[in-house]
S.K.: 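One structure, as structure tokens, below. Some questions next.
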Amino acid sequence: MSTDRNNTPELTVVIPAYNEERRLAPTLKAIQEHLDSADGPADSAAHGEWELIVVDDGSTDRTAEIAAAASDADPRIHLVRSERNRGKGHALRQGVLASCGRRVLITDADLAAPIAELDHLDKALADGHTAAIGSRARPGATIGAHQHRLRELLGRTGNFLIRSVAVPGIRDTQCGFKLFDGDRAREAFAASRLRGWGIDVEILQYFRRAGWPVAEVPVRWSHQEGSKVRPLDYVRVLAELTALKARAIRRADVLVALLFLVLSVTLYAQRWISPASRYIPDSMQDQNQWEWFFAVTADNVRHFDNPLFTTLQNFPDGVNLMANTVMLGLSVPLAPVTWLLGPAVALNVAMTGGLAATAVAWYWLIVRRLTAHRGAAAVGAALAAFAPPMISHATAHPNFIVLFMIPLIIDRALRLSEGTRVVRDGVVLGLLTTYQIFLGEEPLLLAALGMLLFALAYALARRDVARASWRPLARGIGIALAVALPLVAYPLYWQFFGPQSYKSVLHGDQAGNSPLAFISFAERSLAGSADASDALALNRTEQNAFYGWPLTALAFAIVVRLWERAVVKALALTVLGAALLSLGPKFRIPLTDLVLPGPWALIRHRPLFESVIEGRVAMVCAPALGMLLALALARLLTRRENGRRGAGRYAGLAAVALALLPIVPVPLDAVDRAEVPPFIARGTWRTYLGPDETLVPIPVPDAAHAEALHWQTVAGLGFRFPGGYFNGPWGPDRVGIYGPSPRNTSTLLRRVSESGRVPEITPAWREAARVDLEFWKAGVLVLPPHPHEAALRNTVDALVGRRARWVDGVWVWDLYEGGGDRGMHGGS
């Protein structure tokens, strides 16, 4: 096809056609008559010089012959042929790229939207838009002949999914009647890649990314029999868009994601060697607890039981699972992994994959909001996700390292501040927040605290932005609450008012950070020392600061150098505010006896905050420091320098390396876990328990001695036991404690296990033991090998009035021995 650029037509009409011999001739005639009906350029209906391009997409009927005959009759009609059928997208690309018009109209061969509707689209372009797309979904649209109801429903559903994931705000992406500015259309179609129906969305995405305004114009539309569009085509569009997005991902982004995954796998390498038989000793009893959480959730899913409660431990009172962070947002989706490979593997997948996903999410946020420099963003995200406090929690607390929702929540809050799509962004924020609640409420609370610190600091630095942002932000948060509260109302009611709920968890006055912790090195850092870090933290899972003095000094230098930027001021004040709050209600000035009140005292007794370990607020510093580092690196890496200034650049990069090297995490240690006694592993316990009876480990399990939880998972959750490791209520005030409410017998046995001394067993002790065992519905007592095994065995002998028997690696007291068939047990 040849064109004369010196005689550029005002309008090009492009018609993709595949096997359209029955409809093409009437369509061409209708278009010709309408375009020729104008009296002249001054008339409102005048379209000026025009051309019409029919793109035959490899038709097997007479479509090409009909188009060729029309071309012979009118030189303004042209035929572009494809040797084989390649799809609507390929046909449209051929036709648009062959066009010359200042405007380009795309219309289907069936003219479901009459050509007269072009006048409405023309008006939108005259009003300053670069594209006007016909819409069947906008108010004012008229549907003459409807499709079949099922087909229409499937079409609407498919269209909703398409616009939700690809071009939000446009209600009808697939209507085949669109008018474009010619030059912009040719640029967009030249950059397009899709061959199928998804090209409509691809082009609209291109216009949106380029900032070219698009108008959605209501039109008349009637379903035409013989339409080539099928309901499943919407699924194909989604598949095409998914493939397009996959191809659009930068190689650098993929490499960064793989790097984060490698770092995470390396961190947990010793556990991945044999997940079921390896244990991280620094986790204390937390690994047993978390594996149990994943196991009991999978069991509840399998049997359609209440996922918010169980009596498998702490029988008969049970455990409020919603009040214990079981991470239903992960433990439920990973239930198939738990069923097939066991809870140890499921926990490993959650922690390894979750930590890597968190790093990717911070990387995405930094690239989107702070700097497009991929290298700088990767370093900043690595600090946010692999900072010393994150590695400390990586030993035992998946709810504090699986934080990939937090960057998404932050981004959505920032979108709300922009005020462009408040309702949509508010709804999405509500859904994201809901999911985060089922991943971890305390991290969400800390993130909200950090976001509040940032917002206040940024408002002080940019009051103009604050004035413009607070109304849409407030409205969006209200919408988010309206979406989230109905979804989480019942689980939260169960958490705070259901069985075994509690009011708060008290952590004592030593849960805050020492100021020295911020300039010291964590035990799992390359420059760390176990003795030094242990002296400054509650335990090794709560080393919540420990950023090291080199990084602290570097952060100070970055803030001074980039202080003119409002975002730097806000990030700096966020770090400072979080650090001060993490010191607790009072703190001691290092190397002195001077104790000062901390700002945490102002909120420590407020609802929700009363259960927070205040030292954890320092974790907010990690992403803020990562963002400061990313900004500084981007400035260093993108600045072109020569001579002495070039030397300054290398000095800056060296300073960054020297600040980060000491806090590089070392892989977590793992050891062979304690062997499960054959009595449990072989299932011997089954012959000792009657219906509704419990197995009582000696000593009764608590927060410090929770190996019985591992026994239970190995036994397939086949038995219940009293005590355990969980958060539950104690006393009339229902204060939260770790483990069960103490009973006489459990307290006595715990003292014996710690001291190795056998107390005098009086009738009162025997009566207390009888009451406790009856309360627990005990069927059998089991004592595994223990450092004070003899003292425990003698104590229990005296309490129950019978001697233990050695059975499959444990001492056993069968409380119903001799009572019917259940008493006929064998021993060794």
S.K.: N324 versus V319: any side-chain heavy-atom pair under 4.5 Å?
M.R.: yes
S.K.: Counting C-beta onward and ignoring hydrogens, is there a side-chain heavy-atom pair between Y279 and D672 closer than 4.5 Å?
M.R.: no
S.K.: Scan side-chain atoms only and decide if S529 and D531 contain a donor-acceptor pair under the 3.5 Å cut-off.
M.R.: no
S.K.: Just how far is it from atom CG of D593 to atom CZ of R588, taken to the nearest 0.5 Å?
M.R.: 6.5 Å
S.K.: Under 3.5 Å, is there a donor-acceptor pair between the E441 and Q436 side chains?
M.R.: no
S.K.: Between A578 and V620, what is the shortest heavy-atom contact and its length?
M.R.: CB-CB, 3.9 Å
S.K.: With side chains defined as the heavy atoms from C-beta onward, is the minimum distance between W292 and Q313 less than 4.5 Å?
M.R.: yes
S.K.: Please answer whether the main-chain N or O of R751 pairs with a side-chain N or O of S755 as donor and acceptor at a distance below 3.5 Å.
M.R.: yes
S.K.: Before accepting this row, confirm whether a basic side-chain N of the pair D797/R802 lies closer than 4.0 Å to the acidic partner's carboxylate O.
M.R.: no
S.K.: Between H303 (side chain) and D299 (backbone), is there a donor-acceptor pair under 3.5 Å?
M.R.: yes
S.K.: For P307 and L321, which heavy atoms make the closest approach, and how far apart are they?
M.R.: O-CD1, 3.4 Å
S.K.: Who passes salt bridge (Lys or Arg N to Asp or Glu O under 4.0 Å) against E789, sequence neighbours left out?
M.R.: none
S.K.: Please step through salt bridge (charged side-chain N to carboxylate O under 4.0 Å, His left out) for the pair R616 and E442, ending with a clear verdict.
M.R.: CA-CA 9 Å; R616 292 175 176 174; E442 188 174 348; 3.0 Å; yes
S.K.: Closer than 3.5 angstrom, by distance alone: can the side chain of T338 be matched with the main-chain N or O of P343 as a donor-acceptor pair?
M.R.: no
S.K.: For V296 and L717, work out which heavy atoms get closest and say how close.
M.R.: CA-CD1, 3.8 Å
S.K.: Within a strict 4.5 Å, meaning less than it, do heavy atoms of the L581 and E614 side chains meet?
M.R.: no
S.K.: Tell me, with the steps shown, if R271 and E291 meet salt bridge (charged side-chain N to carboxylate O under 4.0 Å, His left out).
M.R.: CA-CA 13 Å; R271 268 210 66 197; E291 289 178 4; 3.4 Å; yes
S.K.: Short question: side chain of N348, backbone of P275 - any donor-acceptor pair under 3.5 Å?
M.R.: no
S.K.: Quick check on Y493: does its OH atom have over 12 non-hydrogen neighbours (other residues, nucleotides or ligands) under 6.0 Å away?
M.R.: no
S.K.: Of the non-hydrogen atoms in I406 and P443, which two are nearest, and what is the gap between them?
M.R.: CD1-O, 4.4 Å
S.K.: Could you tell me if N320 and S501 have a donor-acceptor pair between their side chains, going purely by distance under 3.5 Å?
M.R.: no
S.K.: Within a radius of less than 6.0 Å around CH2 of W730, do more than 12 heavy atoms belonging to other residues, nucleotides or ligands occur?
M.R.: no
S.K.: Of all heavy-atom pairs between Y547 and A622, which one has the smallest distance, and what is that distance?
M.R.: OH-N, 3.2 Å
S.K.: Does the side chain of Q543 come within less than 4.5 Å of E523's, by heavy atoms?
M.R.: yes
S.K.: Classify the side-chain pair D286/Y725 by whether it contains a donor and acceptor separated by less than 3.5 Å.
M.R.: yes
S.K.: Below 4.5 Å, heavy atoms only, C-beta onward: do W813 and V782 meet side chain to side chain?
M.R.: no
S.K.: Report the C-alpha separation of M390 and L403 in whole Å, then their side-chain angles, then the decisive distance to 0.1 Å, and conclude whether the side-chain contact (heavy atoms from CB on, under 4.5 Å) test is met.
M.R.: CA-CA 10 Å; M390 294 288 289; L403 303 177; 4.1 Å; yes
S.K.: To the closest 0.5 Å, what do you measure between NE2 (H788) and CG (L783)?
M.R.: 12.5 Å
S.K.: Donor-acceptor pair, W339 side chain versus A298 backbone, under 3.5 Å?
M.R.: yes
S.K.: Is it the case that the side chain of S741 and the backbone of P729 share a donor-acceptor pair, with hydrogens and angles ignored and the cut-off at 3.5 Å?
M.R.: yes
S.K.: Any side-chain heavy-atom pair from L583 and L596 closer than 4.5 angstrom?
M.R.: no
S.K.: Indicate the atoms forming the closest heavy-atom contact of L516 with S520, along with that distance.
M.R.: O-OG, 2.7 Å
S.K.: Do the charged groups of D733 and K503 touch, with an N to O distance under 4.0 Å?
M.R.: no
S.K.: Hey, is the main chain of E610 close enough, under 3.5 Å, to the side chain of S504 for a donor-acceptor pair?
M.R.: no
S.K.: Within this structure, what is the CZ-OG1 distance for the pair F400 and T541, rounded to the nearest 0.5 Å?
M.R.: 10.5 Å
S.K.: Count the heavy atoms of every other residue, nucleotide or ligand shown that sit under 6.0 Å from CZ of R734, and state whether that count exceeds 12.
M.R.: yes
S.K.: Check step by step if side-chain contact (heavy atoms from CB on, under 4.5 Å) holds for L749 and I698.
M.R.: CA-CA 7 Å; L749 295 175; I698 304 297; 3.7 Å; yes
S.K.: Go through the side-chain N and O atoms of R793 and H786 and say whether any donor and acceptor fall under 3.5 Å apart.
M.R.: no
S.K.: Please determine whether ring-ring contact (aromatic ring centres under 6.0 Å, His included) holds for the pair Y688 and F679, giving the CA-CA distance in whole Å, both sets of side-chain angles, and the decisive distance to 0.1 Å.
M.R.: CA-CA 10 Å; Y688 286 79; F679 181 83; 5.4 Å; yes
S.K.: Is it the case that the side chains of N544 and H393 hold a donor-acceptor pair, with the cut-off being a distance below 3.5 Å and no angle test?
M.R.: yes
S.K.: Just do the side-chain contact (heavy atoms from CB on, under 4.5 Å) check on R278 and R673 with the steps written out, would you?
M.R.: CA-CA 5 Å; R278 300 285 286 174; R673 72 191 313 161; over 6 Å; no
S.K.: Listed by chain and number, what are the salt bridge (Lys or Arg N to Asp or Glu O under 4.0 Å) partners of D669, not counting sequence neighbours?
M.R.: R524
S.K.: Taking atom types as modelled and ignoring hydrogens, do the side chains of N314 and R720 form a donor-acceptor contact shorter than 3.5 angstrom?
M.R.: no
S.K.: Supply the atom-to-atom distance S331 OG to F293 CZ, rounded to the nearest 0.5 angstrom.
M.R.: 9.5 Å
S.K.: Should we count CD of E754 as having more than 12 external heavy atoms under 6.0 Å?
M.R.: yes
S.K.: Looking at CG of L308 and CE of M322, how far apart are the two atoms once the value is rounded to the nearest 0.5 Å?
M.R.: 7.0 Å
S.K.: Just so I know, are the side chains of W494 and F309 near enough to count as touching, which here means a heavy-atom distance under 4.5 Å?
M.R.: yes
S.K.: If only atom types and distance count, is the side chain of D702 paired as donor or acceptor with the main-chain N or O of A704 below 3.5 Å?
M.R.: yes
S.K.: Do F521 and S533 pass the side-chain contact (heavy atoms from CB on, under 4.5 Å) test, and can you show the C-alpha distance, the side-chain angles, and the key distance before you say yes or no?
M.R.: CA-CA 7 Å; F521 299 107; S533 58; over 6 Å; no
S.K.: Could you give all pairs that pass the salt bridge (charged side-chain N to carboxylate O under 4.0 Å, His left out) test and reach residues 769-786, with sequence neighbours left out?
M.R.: R743-D772, E767-R770, R770-E774
S.K.: Give a yes or no on whether the backbone of V505 and the side-chain of Y738 come within a donor-acceptor separation of less than 3.5 Å.
M.R.: no
S.K.: Quick one: pull up CZ in F721 and CZ in F719 and give me the separation to the nearest 0.5 Å.
M.R.: 7.0 Å
S.K.: Quick check against the 3.5 Å criterion: does R540 have a side-chain atom that pairs as donor or acceptor with the backbone of D534?
M.R.: no
S.K.: Any side-chain donor paired with an acceptor under 3.5 Å for N288 and Q285?
M.R.: yes
